[in-house]
Colleague: 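Encoded as structure tokens, here's the structure I'll be asking about.
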Amino acid sequence: MTGLSDSFQRPVNYLRISVTDRCNLRCIYCMPSDGVSLLSHQDILTYEEIYTVASAAAELGINKVRFTGGEPLVRPELPKLVRMLAQIDAINDISLTTNGLLLGRYAAELKQAGLQRVNVSLDTLKQDKFEFITRHSNSLSDVLKGIETARSVGLNPVKINVVVIAGVNDDELVDFANKTIDEGWHVRFIELMLPVGVSATSAQLVSVNDMRKRIKPLGELEPCLPSVGNGPARYFRFPHARGTIGFITPVSEHFCFCCNRLRLTSDGKLRPCLLAENEIDLRQPLRSGISSEGLKQLIKETVAGKPLRHHLDEGYMPKDRPFSQVGG
Ligand code: SAM
């Protein structure tokens, strides 16, 4: 194994795999209000095709994968795919990002299949706001139960991702921060990015400095290391808290200099960056019987196309796909 690195000498060892463009929620900052046109089933990579890509990527140096979507748990038999990828020797870190609605149902099976940990996206602890943000009348209590089940079956650390939106959920920063003290939650506050067509506006961006000011009454935050993973968040904890608080700042302070990711979309495009439109199609070559060497060449070309950084600060957002179709 030689290891992959891009043209800026950044090592690339992490593949995020979107298994579906479908979602059981319609979050205001993620999906356009008039919805998105959905891919047909034959456009979506099969589990065998995903396995082929992951195996080739692993031979090149990818050792970490995360399933995302859409909502990955709406795709039937996700544990089967987890089990398949867990059998690839070089892959030693398998995780999932989910909205948590179906997590209670699948957590034990996923753990047994080889999933190691899970991130749950949850932006509010209030049912009425949950319905407003997700544009759905699903029950917040299902998500909370999913979090508890995931923790109890050992999908740890369960990290809670909170996209902070001014005037919507910024009044709950203290409530989430308290969860790190009272219940040992690992909470990560994420700055809002603004894809084209969504109903949030730039006035709703809350900077990390503001977030820190809001939770200051709870105590002095002490810097700490993440318990697992070395992603883009900077971590802190309150004295005596079992849990941690992470801040992810794609807008105010980008972390592209340490980006180690590739993204596979559910329709088989390999993308070097969430926030750039260049992508390389793998589906057609896969379905035409491309060799493992050919596939590895396409993966290397994608890595070579990784841009130095995104340009959110100059207002640039990719227009080709909403986040629900790339896997945020
Ligand atoms: N359905 C899964 C979930 O909810 O976690 C996985 C897909 S979702 C697109 C992945 C993550 O992207 C979620 O944590 C979501 O909050 C985040 N996300 C989506 N749109 C975003 C935006 N405009 N700004 C910041 N984060 C965003």
Side-chain angles (χ1 to χ4, degrees), residues 16-33 36 38 65-75 78 95-103 106 110 115 117-124 129-130 133-136 138 140 142-143 146-147 150 155 158-166 168-170 176 186-208 211 231-233 246-255 261 263-266 271 274-275 310 312-313 315-319 321-328:
R16 289 172 84 111
I17 302 173
S18 174
V19 295
T20 179
D21 62 330
R22 286 161 204 256
C23 191
N24 43 3
L25 297 179
R26 295 281 177 273
C27 296
I28 49 174
Y29 53 77
C30 187
M31 284 216 186
S33 52
V36 289
L38 294 174
V65 298
R66 172 177 294 277
F67 298 107
T68 179
E71 169 48 40
L73 293 179
V74 301
R75 178 140 178 195
L78 189 69
S95 58
L96 168 77
T97 296
T98 172
N99 61 34
L101 274 175
L102 298 171
L103 191 54
Y106 292 115
L110 288 163
L115 191 76
R117 54 206 172 84
V118 66
N119 290 359
V120 179
S121 308
L122 176 63
D123 303 324
T124 176
K129 218 183 278 181
F130 182 78
I133 294 172
T134 65
R135 300 194 187 106
H136 224 283
N138 270 307
L140 166 65
D142 288 343
V143 181
I147 291 170
L155 287 171
V158 177
K159 295 180 187 164
I160 312 301
N161 286 342
V162 185
V163 176
V164 182
I165 316 166
V168 176
N169 64 349
D170 55 336
F176 276 106
H186 298 284
V187 173
R188 305 190 314 166
F189 294 125
I190 303 176
E191 285 178 348
L192 174 69
M193 296 178 276
L194 282 167
V196 177
V198 303
S199 29
T201 74
S202 56
Q204 291 179 293
L205 174 75
V206 182
S207 74
V208 162
M211 295 181 203
F247 295 103
I248 303 185
T249 54
V251 185
S252 67
E253 207 176 314
H254 74 78
F255 33 81
R261 302 172 180 188
R263 295 168 181 273
L264 181 64
T265 67
S266 57
R271 230 174 140 102
L274 172 67
L275 297 163
H310 68 64
L312 274 181
D313 52 344
Y316 176 76
M317 261 292 187
K319 297 177 189 53
R321 296 167 182 265
F323 282 177
S324 63
Q325 283 187 355
V326 188

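We count ligands from 1, going down the list as the structure has it; atoms in each ligand are counted the same way.
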Colleague: For D123 and Y29: C-alpha separation, side-chain torsions, deciding distance, then whether side-chain contact (heavy atoms from CB on, under 4.5 Å) applies.
Modeller: CA-CA 11 Å; D123 303 324; Y29 53 77; 2.5 Å; yes
Colleague: Once side chain to side chain contact (heavy atoms under 4.5 Å, CB included) is applied, do any residues pair with D170, and if so which ones, sequence neighbours excluded?
Modeller: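 Listed in chain order: V164, A166, L173, V206, R214.
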Colleague: Using a 4.0 Å heavy-atom cut-off, say whether N99 meets ligand 1 through its side chain, its backbone, both or neither.
Modeller: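 Near ligand 1, N99 shows its backbone as well as its side chain.
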Colleague: Using side-chain contact (heavy atoms from CB on, under 4.5 Å), reason through C27 and T134 one step at a time and then give a plain yes or no.
Modeller: CA-CA 4 Å; C27 296; T134 65; 4.0 Å; yes
Colleague: Could you list which atoms of ligand 1 come closer than 4.0 Å to a heavy atom of T98?
Modeller: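 Matching atoms, with element in brackets: 2 (C), 3 (C), 4 (O), 5 (O).
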Colleague: Is L192 in polar range of ligand 1, meaning some N or O pair under 3.5 Å apart?
Modeller: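 In this structure, L192 places no N or O atom under 3.5 Å from an N or O of ligand 1.
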Colleague: My understanding is that only residues two or more places apart in sequence, or in another chain, count here; which of them pass ring pair (Phe, Tyr, Trp, His ring centres under 6.0 Å) with F67?
Modeller: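 Counting only residues at least two positions away or on another chain, F67 forms no ring pair (Phe, Tyr, Trp, His ring centres under 6.0 Å).
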Colleague: Of all the atoms in ligand 1, which lie at a distance below 4.0 Å from a heavy atom belonging to S121?
Modeller: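 In order of number, 3 (C), 4 (O), 5 (O), 13 (C), 14 (O).
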Colleague: Does an N or O from D123, backbone or side chain, lie closer than 3.5 Å to an N or O of ligand 1?
Modeller: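 N/O-N/O distance below 3.5 Å does not exist for this pair.
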Colleague: Output the list of atoms in ligand 1 that are nearer than 4.0 Å to some heavy atom of E191, sorted by atom number.
Modeller: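 Reading through ligand 1 atom by atom, the close ones are 25 (C).
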Colleague: Is there a donor in the side chain of T97 and an acceptor in the side chain of R66, or the other way round, less than 3.5 Å apart?
Modeller: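 Yes, R66 and T97 have a side-chain donor paired with an acceptor closer than 3.5 Å.
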Colleague: Looking at ligand 1, would G70 count as a contact under a 4.0 Å heavy-atom criterion?
Modeller: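 G70 counts as a contact of ligand 1 under the 4.0 Å cut-off.
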Colleague: I want to know if ligand 1 touches T68 in the polar sense, i.e. an N/O pair below 3.5 angstrom.
Modeller: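 Such a contact does not occur with ligand 1.
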Colleague: Which heavy atom of A233 sits nearest to which heavy atom of R188, and what is that distance?
Modeller: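 Taking every non-hydrogen atom into account, CB-NH1, 4.2 Å.
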Colleague: Can E71 and T20 be counted as having a side-chain donor-acceptor contact under 3.5 angstrom?
Modeller: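 No, no side-chain donor-acceptor pair sits under 3.5 Å.
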Colleague: With a cut-off of 4.0 Å, which atoms of ligand 1 are near a heavy atom of C30?
Modeller: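 Numbered from 1, ligand 1 contributes 9 (C), 19 (C), 20 (N).
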Colleague: Which atoms of ligand 1 have any heavy atom of G69 under 4.0 Å away?
Modeller: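 It comes down to these atoms of ligand 1: 6 (C), 7 (C).
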